[in-house]
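Notes for the one structure printed next.
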Amino acid sequence: MRLPLALITNVRLLNSGFRIGHRIHNGVTKTSLLSSCNICSRVERKWIKPVGFDTGVKTYNSLTKQKEPLVLAQERIATWYSCGPTVYDHAHLGHAWYVSLLDQVQNVERRSYPYFEINVIHVMVITDIDDKIIQRSLEQNISPTVLARMHEEEFKRDMQALRVLPPAVYMRVTDNIPQIVAFVERIIGNGHVYVTSQGNVYFDTQSIGDRYGKLVNLGGIVGEGKNCKALFVWVRNGWQMYSVFGSQLDIHSGGIDLAFPHHENEIAQSEAYHQCEQWGNYFLHSGHLHLKGSVEKMSKSLKNYVTIKDFLESYTANEFRLFCLLTRYRSAIDYSDASMNEARSTLSTISAFCHTAQAYMQGHLQCQPIEEGILWERLSATQSSVRKALADDFDTPKAVNVIMSLIHHGNCQLQPATKNNGPRCPAVFGAMLSYVREIMAVFGVDLLDRKEVHDSSGVLNNVVEELVHFRSKVRKFALSVEDQASQNPQTGSEIQKRHPQPDRVPLLKVCDALRNNLAPLGVHIKVRFLPIRLSAAELLKENSWLLYKHGTL
């Protein structure tokens, strides 16, 4: 019997059981779930708590609909699979939202004390064969492979621009067709299929007992009649877990819209393949990103998205990472200028504290007496509270609030004073500064990125323009001359000589020094013609107060 190469599923749950629609297009099968009876009962199943290494983290598990202790099969090693994009169009903020949240959660797990020091082995699948890819390639008159590779590379570049760490490996569907065929053949051999009179082969959910429907609490499809069946054709994924991770997966993640049927069918296939009771131990699902005012998620198919390239023309990667931090990964969030401005304001407050703390440590800021003991206590409490927040299902909004409270109390102590009335306490601010930088780096926010600060929202450009304008006015004032009358010895007539005023020469020297010092920092002030013409001898006579060449500075 020849089997169709079925890679995609599209399942619709109806009120009175399930129906099926089935077709094959260019080797890609689409189907919906089938039930041969109208009445099904629900059976509750228990989640099996893993045996192994307890990370100290509790995470919300979609399998149980509650927080569970995160226990790994191997000590400090987490096997993690995530659904990647279907690469038929530009990556957008919806992708960035999901992948950045995933990256932040994984970074929290990866970091050593005071975090959790877990080696995350992350595999992400790129769906590079799909009806949408085929249709788009026909519209653009290019190969589906070329289209998919083009958008795959764009996705990777966009994620790099947002400082998302790449997975240990990307896996493409088209690179693994033999593995998919072998995966299907073994499931058939294990007796988990239903063959229709037309010769089509479907997965029989009844063959795995009451284990189908874990994520959406269907409780198994258990019919009151002996012929009650629920069927689906293999989904595009599932094979990658057996080929990389074997019969046990610690963590599976994806968008909440993929829980059913996509992830549900992956569970069924994998447990049928491995003949096990529980293949994946934890399922983490992220909420959707919405354009403000829209009830629909941001998606390519709805054409209501913002590309990452367009986004980065207005905002920075740091600002986007803050935007992600201010919402729980399981929650939906509205994207708008207001929400991005909140993230920008938060980032600005953090950066300003870092600069002020540095200035104090360097002796450039005189402050009122510092209550050092209170700050040490607050720093210790902050570290403890942040760790607890992150261990509680990666509660980044709470962690950020605690960090901002520490910064507030630090700023209260860094009040400028006309003179230093007490001993200096640079060590505590050094510790606070190091901690803030470290924890923000865990979240993917790089507070030491000079290039991004330079590019952010044009603020620094405005500052530079004002600085140059100020220098220009000072220089114009310094270059003003005084007229001195003298008599021509040959004719006896009076002549006027123009000389720079000596008391303004230091201002010109300072202007030149500023121009020279700004150049290595990337700010170049272009030369201008002098308003007057002076001879070299006259310039040298005035203590060489500027370098002169062809009348330009």
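When reading the values below, keep in mind they use all heavy atoms of this one structure, side chains included, and skip hydrogens, waters and symmetry mates. When a residue number appears, it is its place in the shown sequence, counting from 1.
- Salt-bridge check for E139 with R136: passed, with a basic side-chain N closer than 4.0 Å to an acidic carboxylate O.
- The closest side-chain heavy-atom distance from F283 to L215 is below 4.5 Å.
- Salt bridge status for D392 with K398: absent, with no side-chain N to carboxylate O gap under 4.0 Å.
- Residues L102 and S286 have side chains not in contact (no heavy-atom distance under 4.5 Å, counting atoms from C-beta outward).
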Take K214 and E271 through the salt bridge (Lys or Arg N to Asp or Glu O under 4.0 Å) test and state the conclusion after the steps.
-> CA-CA 12 Å; K214 292 183 178 182; E271 291 181 356; 2.6 Å; yes
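- Salt bridge status for D103 with R321: present, with a side-chain N to carboxylate O gap under 4.0 Å.
- In summary, R172 and D175 engage in a salt bridge, as defined by a charged side-chain N under 4.0 Å from a carboxylate O.
- Within 6.0 Å of CD in Q160 there are 12 or fewer heavy atoms belonging to other residues, nucleotides or ligands.
- Contact annotation: the side chain of F245 approaches that of V123 to within less than 4.5 Å [non-hydrogen atoms, C-beta and beyond].
- Within 6.0 Å of NZ in K67 there are more than 12 heavy atoms belonging to other residues, nucleotides or ligands.
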List the steps, then state whether side-chain hydrogen bond (donor to acceptor under 3.5 Å, both in side chains) holds for H122 with S82.
-> CA-CA 7 Å; H122 177 204; S82 68; 2.6 Å; yes
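- A salt bridge links E152 with K156: the distance from a Lys NZ or Arg NE/NH1/NH2 to an Asp or Glu carboxylate oxygen falls below 4.0 Å.
- A cation-pi arrangement, defined by a distance under 6.0 Å to the six-membered ring centre and an angle within 45 degrees of its axis, is present between R186 and Y273.
- Between K58 and D393 there is no salt bridge, since none of the side-chain N atoms of the basic residue sits less than 4.0 Å from a carboxylate O of the acidic one.
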